[in-house]
Colleague: 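Could you have a look at this structure, given as structure tokens, before my questions?
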Amino acid sequence: MKFNFKKYILALGVTATLLPSCNDDFMERYPLDEITDESFWKSETDLKMMLNSLYPLYIIGHKSGWADSDTYPFGVTGSPLMYADVYSDNCVRTGNEFSSLAGELVVPTSAGESTGWYWWNLRKVNFFLTHYNKAELSQEKKNAYAGEAYFFKAWEYYKKVLYFGDVPWLTRDLNVDSEELYAPRTPRAEVMDSVLMCINRAVEWLPEKANQETDRLNKDQANFLKARICLFEGTFRKYHTELGLQDSANKWLEEAVKACETLVGKYSLYNIGEETYWKMFAATDLSDNPEVILARNYLENKVGHAAQRYFNQNNSNRESMGVTRGLIDEYLCIDGRPIYTGGSEGNYEMNPNFLGYGKWTELENRDPRLTQTVCRPGEHVTIYKGGIVDKDLNGITYPGLSYTGSGPTVTGYRVIKHWMGDMVEEDRLYNGIQAAIEFRYAELLLNYAEAKYELNGTLSQSDVDLTINALRERAGFDFSKYPTAKLTVGQEPADPRLDKIYADKLDYTISPLLREIRRERRIELAIENHRYEDLMRWKAGKLLTVPLRGMNFLAVKDLYDGSHTDKPEIAVKVELGKTVFADKDGFIICYPKSPYKNTINGTLPWDDYRYYWPIPKEELIMNPNLEQNKGWEDK
């Protein structure tokens, strides 16, 4: 479904006294208790109206309006699809790191959206489920709308479990005197069984894609969400053995595989023209994209956002970020082998296709997705000025290397994914219509491959061809010229660098095949707000302690000496030891002067209790039956 608000906007003109604006929170304006009148729940329009307020709460996309609110509980500002990877090891932002990433951990005093311990959206969902059966419609029709509510409830609780583990399971909307307000947290296993019930009901009751009403949810989207949820829970249980739930992991992985199989072959990877991967995220219309399963579309002068304007022009630190060397190094070379193919730390054997860390030479001869995710100087935004992309006219403006200020990349690796270079879109201000992909077939293929591998190693070569190799082929790998670019089970390439990181940071062994599955996921889904969740479910939080680095400054030092102020090369002066700091090998250190005592030379701390977020203190006082997550008691 390519989701937009057209029909909801049109409906507002008829029901203006009840729902003034599709961007206004209907339930905030009209308390739930004031619309329980029996006459409200009679019609199909009533059910739609209640559900319509839920869509933008879950299908967030690039947000709406100025699109400058925070994404909680991380505190990332702006579109979560564009920027949430700064809360991971994929990207860093200008200014200081998040205090929570730096181990400066404080339990919030009171609950609210900013803490993640926020239940108002769920109350809306439960309110609908309590009353929808009163409508004078066929049961089949009522169930179809209830399927939407169950879809949102499953999504809500899966995220709650990601953040907090055990959480209260609520079956109805609560009032100030509801006894559930004083209930203890429901055990994770029970909560997730209920989540599975919800998403299964959504799968059962939602219409087939061919029969769905335009801009409403369908069965395919429910199966996609089910696959995502079940892979999350199956792998979380498998690797977080401290839960004692590893024996039930396969149940979830089997459900993930089944959900994927309902969609495999039903969609296809978008592959039209050059730079397909980049262009897919720089579109205003996704109606003909065969890869999109769920997206949020926008309507000019009706419902839009300022995400692209901020991406291009914003002068604050909010959207200024740079990709880390850690992500760059994980991209394969054009022959399908890593940058280092043998040897050991300090004496690695370099892939002959890898040109080393020079003047952005590390971006050459690599997986084609790299330069469609990170901007190579002389391409895209580095030659963009006044709405025109022209190297001869504008020259090359090299990435600004600064920890503070407007528009620097911090690392020297400037993100290009989601960037449009479209002056028309930029000039729409807060009415931008760049579409946002929420569910896409590529992720489904990755979910399928990983679930099959984790399910007792049932991943076959045909599965790999259907998934990982299909993604590499779409990316532009030349299998004829480089047969090793095709992943072959049992013949995975050596990667001593990455294997050492895994051996040092994880308390379990990563096989070469699993390493390639996880690599493919990190590369394909970079800058789409997946990395944090993946690290948490894999029990791989210690990967955040790999030193955060940028490009090799020594390789470009002369470029930043202050003499390049005009075309063809423009670069702001940078001084080593003053403007930027580098490690002994010359790589830019991220957060070298962190105000947080736990960050040392761009190396973040980690403690395993941070796999969960804390419950606000006032909640524990008001409900003594709640218990704080372990490790947070004295924070």
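Given the structure is predicted, the values throughout are model-derived calculations rather than measurements.
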Colleague: Test side-chain hydrogen bond (donor to acceptor under 3.5 Å, both in side chains) on Thr235 and Glu450; report intermediate values, then the result.
Modeller: CA-CA 9 Å; Thr235 51; Glu450 186 180 348; 4.8 Å; no

Colleague: Applying the side chain to side chain contact (heavy atoms under 4.5 Å, CB included) criterion to Trp155, which one of Leu54, Ile59, Ile229 satisfies it?
Modeller: Ile59

Colleague: Measure across Leu101 and Val86 and return the closest heavy-atom pair with its distance rounded to 0.1 Å.
Modeller: CD1-O, 3.9 Å

Colleague: Kindly assign one of parallel, tilted or perpendicular to the pair Trp119 and Trp117, based on the angle between their ring planes and the thresholds 30° and 60°.
Modeller: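 If you compare the ring of Trp119 with that of Trp117, the planes turn out perpendicular.
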
Colleague: Please work out whether the ring planes of Tyr532 and Tyr87 are parallel, tilted or perpendicular, with thresholds of 30° and 60°.
Modeller: perpendicular

Colleague: When the ring planes of His62 and His418 are compared, do they come out parallel, tilted or perpendicular, using 30° and 60° as the limits?
Modeller: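 Taking His418 first and then His62, their aromatic rings stand perpendicular (interplane angle over 60°).
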
Colleague: Does Glu242 have more than 12 heavy atoms from other residues, nucleotides or ligands lying within 6.0 Å of its CD?
Modeller: yes

Colleague: Around atom CD of Gln139, are there more than 12 heavy atoms of other residues, nucleotides or ligands at under 6.0 Å?
Modeller: yes

Colleague: How about Lys542: does its NZ atom have over 12 heavy atoms from other parts shown lying under 6.0 Å from it?
Modeller: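 No - once you tally the heavy atoms of other residues, nucleotides and ligands closer than 6.0 Å, there are 12 at most.
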
Colleague: Tell me whether Arg93 forms a cation-pi arrangement with Phe98, defined as NZ or CZ under 6.0 Å from the six-membered ring centre and within 45 degrees of its axis.
Modeller: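 Yes, cation above the ring, under 6.0 Å and within 45°.
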
Colleague: Rounded to the nearest 0.5 Å, what separation is found between the CD atom of Glu528 and the CE atom of Met82?
Modeller: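 The distance works out to 11.5 Å.
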
Colleague: If you count heavy atoms of other groups shown closer than 6.0 angstrom to NZ of Lys266, is the number above 12?
Modeller: yes

Colleague: For Tyr58 and Phe152, take the angle between the two ring planes, folded into 0 to 90°, and tell me which bin it lands in: parallel under 30, tilted 30 to 60, perpendicular over 60.
Modeller: parallel

Colleague: Is the Tyr132 ring parallel, tilted or perpendicular to the Phe128 ring (thresholds 30°, 60°)?
Modeller: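 Aromatic pair Tyr132/Phe128 classed parallel.
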
